[in-house]
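These notes are about the structure you will find just below.
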Amino acid sequence: MDLSFIINELGEDREQYFNAIAPPIVQSSNFAFGTVSAMRERLLDEFQGFLYSRGNNPTIDILRQKLAALDGAEDALVFSSGAAAIFAAVFSQVQQGDHVICVKEPYSWARQLLENLLPRFGVETTFVDGTDSANFEKAMQPNTSVIYLESPNSLTFSLQDISAVAALARSRNITSIIDNSYCTPLYQQPHVMGIDLVLQSATKFISGHSDTVAGVLTGTREKIRKIFTSEFLTIGSGIAPFNAWLLLRGLRTLEIRLQRSAESTRQVVAFLKAHALVEKVYFPLDPDFPQYELALRQMKGAAGLVTIQLKATRREQVEIFCDALRHFLMAVSWGGHESLAFPACAALAEGDFDPQEEKHRMVRLYIGLEDADYLIKDLEQALGKMGDA
Ligand SMILES: *Cc1c(COP(=O)(O)O)cnc(C)c1O
């Protein structure tokens, strides 16, 4: 399917709503029926029709069709957060006594689920270094039911060989799940590589405007239907119609925003790599990135996030750099119009800073839609202040 068709036309039946160009926000919790038999039919199966907006809703349905198609999947579910998509995906695939294999440094709330919540129900997780596919095989147990990937991750951009791990999972009848937030379906297609369930935080690039929190999960119709009728309706963490509408609006410009951010990111990376106070630059499509070949093989692009490791010997220097930034806002998250800085040391108690620890000197930057030179000048002056300190 053409990307332009998906973004501009798919799922939009404008004759149903006055030929309006923008889809309506159907702000209704429930839907009426003309006959008992029509109601009975819907009560038996609300997966594809409209009964109650915890399940389906016309605005959300348009979004659902587009997001499934973008992933090259049969169907999708849209959640009120990426974390809810992670929860539903994993929870739907495990039973008491099962075992999960997960990459070493998954998104923090995926870790929380696997490390602290699921053990209460007898589900244990082994965390492995995903840069070597053999580690998944080594961690395998007879009761392994899920392999959970995140490639690249959103701090050091560590990758997994997605096709290799997916093939291993298939051969053992294990469900493979990936967090594809960094790439979005435009820059990486995990279903094509054999992954069963693909999720992403739509809060990031899909929304693109830092104004809504949402998540997406895609897979075969059979798998998605099963999750819809059990976890999705039970947890009740579907997206609200207005937030779905914001995501539809975000999707219209997804491709062009990614292109702009990717181009600026390349320029910023070139600047940072040449700067004396930057010890290391992490960016998956940089030829010096340790997994560059793999990134080229399985990713079509990379935009926005880049992490720098500062040449600093004291916490104050990292803080002076971050505090001096004028056009990068200091905040968590990413994927919006605005450039951001997230210093790893902000998550550390002041006394815990260890200059020997590479991670403590890391600052994750997100390159938004501003002009690249405008951002580079800002980085230059902030690095200068750090150098003077
Ligand atoms: C933000 C994020 C999530 C969680 O998504 P929310 O929408 O914040 O719940 C999951 N994975 C990655 C990689 C993220 O960056």
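These values consider heavy atoms only, across backbone and side chains, with no hydrogens, waters or symmetry-generated copies. One-based numbering, in listed order, for ligands and for the atoms of each.
At a heavy-atom cutoff of 4.0 Å, ligand 1 is surrounded by Ser81, Gly82, Ala83, Ile86, Tyr107, Glu150, Asp179, Ser181, Ser201, Thr203, Lys204, Val213, Ala214, Trp334.
Pairs engaging residues 85-105 under the ring pair (Phe, Tyr, Trp, His ring centres under 6.0 Å) rule: Phe87-Phe91 [sequence neighbours left out].
In this structure, Arg64 forms a cation-pi arrangement with Phe47, its terminal cationic atom sitting closer than 6.0 Å to the ring centre and no more than 45° off the ring axis.
Salt bridge status for Lys377 with Asp371: absent, with no side-chain N to carboxylate O gap under 4.0 Å. Classification of Arg172 and Glu137 as a salt-bridged pair holds, one side-chain N sitting under 4.0 Å from a carboxylate O. Contact check on Lys223 versus Asp75 returns no salt bridge, with no Lys/Arg side-chain nitrogen under 4.0 Å from an Asp/Glu carboxylate oxygen.
Looking at Gln93 and Asp196, their side chains never come closer than 4.5 Å, going by heavy atoms from C-beta outward.
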